[in-house]
Amino acid sequence: MENKIKIAYIFSFIYGYINSLGFIIMNGLFFTFMSGNSVRLGVNIGELNLGTGFRYFSLFLFLIFGAFIGDIIFSYYRKTGMFILLVLELFLFMTAVVFSLRHNAWVVFIPLGIAMGIQNVVNLLIGNSLIGRSFISGIVFNLGIAFSRILQKKSEWGIIRIYLNTWLLFILGAVLGTIILENSNLCISLILITIVYAYAALMIFRVWKSDKRFLVRMKKNKSKFVV
């Protein structure tokens, strides 16, 4: 459980950081908030801003493709699937860094969109309930439930701390992503978050190799891949 919490914290920071880059560079585009992107897609279609609307629609395709690839890889390569996914996502982050040197912002965010789809698969495989598919909305919702359970003496205050830390680290990621981008450039911003992801990937890989029960849980979680 302790390792899952640490991974949740790091992924929360990464999500906040990446979303801040997308929001600033791509005029309000989010990489993990599909509800918000769906609203923006509908608004742009309604206002006949089809070019902007297509960008939002494309992000859905990238995320779907990343999730599709992630699930296919783990389905066919159960023993090495997690390792392949971690390396592939790291490669996509590095590709985004390289693209940022030569291409416009939209091209840079294609590999990041795919990477976020893969990262959601990784979250499901490790059974990380703190980083759900609704994420921040889920965290805030869970806070309300947790307060209710504590009042009923069915839970402890420690879970409140975990949810709050996850939320605050997301905000911290967005704050630092904004500050770094505003004071440097997109390439440097991506290099720094790639280093953070590499650390998270190494942590997951070590747990994956050392904890046999972790492997068993991953196989069980495979049956939960239902949208």
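Only this structure's heavy atoms are used, side chains among them; waters, hydrogens and symmetry mates stay out. This is a predicted model, so every value here is computed, not measured.
- Here the CD1 atom belonging to Ile160 is positioned 4.0 Å from the CD1 atom belonging to Ile150, to the nearest 0.5 angstrom.
- Going from atom OG of Ser189 over to atom CD1 of Ile179 covers 11.0 Å, rounded to the nearest 0.5 Å.
- Here side chain to side chain donor-acceptor pair (under 3.5 Å) pairs that include residues 195-205, with residues two or more places apart or in two chains, are Glu89-Tyr197.
- Between the side chain of Ser100 and the backbone N or O of Val108, no donor-acceptor pair lies under 3.5 Å.
- Of all heavy-atom pairs between Ile10 and Ala200, the closest is CG2-CB, 3.5 Å.
- With sequence neighbours excluded, the residues satisfying ring-ring contact (aromatic ring centres under 6.0 Å, His included) with Phe23 are Phe30.
- Put simply, the side chain of Phe170 does not reach to within 4.5 Å of the side chain of Thr166, judged on heavy atoms.
- Tyr15 is connected to Ile171 through a chain of hydrophobic side-chain contacts under 4.5 Å among Ile, Leu, Val, Met, Phe, Trp and Tyr, so both are in one cluster.
- Residues Leu92 and Val98 do not share a hydrophobic cluster, clusters being chains of Ile/Leu/Val/Met/Phe/Trp/Tyr side chains in contact below 4.5 Å.
- Residues Ile25 and Leu181 form a side-chain contact, since some pair of their non-hydrogen atoms from C-beta on lies under 4.5 Å apart.
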Let's go through Tyr17 and Leu172 carefully: what are the C-alpha distance in whole Å and the side-chain angles of both, what is the deciding distance for side-chain contact (heavy atoms from CB on, under 4.5 Å) to 0.1 Å, and is it a yes or a no? CA-CA 8 Å; Tyr17 190 104; Leu172 178 62; over 6 Å; no

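- Within a 6.0 Å sphere centred on CE of Met26, heavy atoms belonging to other residues, nucleotides or ligands number more than 12.
- Asp71 contributes no side-chain N or O that, together with a main-chain N or O of Ala67, makes up a donor-acceptor pair within less than 3.5 Å.
- Under the rule for a side chain to side chain contact (heavy atoms under 4.5 Å, CB included), the partners of Leu202 that lie at least two apart in sequence or sit in another chain are Arg206.
- Linking Ile, Leu, Val, Met, Phe, Trp and Tyr whenever their side-chain heavy atoms come within less than 4.5 Å puts Ile188 and Phe109 in one cluster.
- With sequence neighbours left out, the side chain to side chain contact (heavy atoms under 4.5 Å, CB included) criterion links Ile191 to Val97, Cys187, Ile195.
- Few gaps surround CZ on Phe60; more than 12 heavy atoms of other groups in view lie less than 6.0 Å from it.
- Between Met82 and Val122, the closest heavy-atom pair is SD-CG1, 4.1 Å.
- Put simply, the side chain of Phe147 does not reach to within 4.5 Å of the side chain of Leu151, judged on heavy atoms.
- Ile14 CD1 to Thr194 OG1: the interatomic distance, rounded to the nearest 0.5 Å, is 9.0 Å.
- In this structure, the separation between CZ on Phe93 and CD1 on Ile118 is 10.0 Å, given to the nearest 0.5 Å.
- Of all heavy-atom pairs between Ala146 and Ile159, the closest is CB-CG2, 4.0 Å.
- Side-chain heavy-atom separations under 4.5 angstrom define the hydrophobic clusters, and the remaining members of the one that includes Val39 are Val43.
- Annotation for Trp106 and Arg55: closest pair CH2-O, 3.1 Å, computed over non-hydrogen atoms.
- We find the OG1-CG distance between Thr95 and Leu90 to be 9.5 Å, quoted to the nearest 0.5 Å.
- Leu85 and Tyr77 fall within the same hydrophobic cluster, defined by Ile, Leu, Val, Met, Phe, Trp and Tyr side-chain heavy atoms under 4.5 Å apart, directly or through other members.
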Full working for side-chain contact (heavy atoms from CB on, under 4.5 Å) between Phe99 and Leu190: CA-CA 10 Å; Phe99 281 0; Leu190 290 173; over 6 Å; no

Between Glu182 and Thr178, does a side chain to side chain donor-acceptor pair (under 3.5 Å) hold up when you go through it step by step? CA-CA 6 Å; Glu182 295 291 344; Thr178 300; over 6 Å; no

Verdict with reasoning, Ile84 to Tyr76, per side-chain contact (heavy atoms from CB on, under 4.5 Å): CA-CA 11 Å; Ile84 295 173; Tyr76 285 93; over 6 Å; no

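- Residues Phe141 and Trp167 are members of separate hydrophobic clusters, defined by side-chain heavy-atom contacts under 4.5 angstrom among Ile, Leu, Val, Met, Phe, Trp and Tyr.
- Using a 4.5 Å heavy-atom threshold, the side chains of Ile69 and Ile114 count as separate.
- For residues 38-58, the set of pairs meeting the ring-ring contact (aromatic ring centres under 6.0 Å, His included) definition, not counting sequence neighbours, is empty.
- Remark: Leu29 CG to Leu59 CG distance equals 5.0 Å, nearest 0.5 Å.
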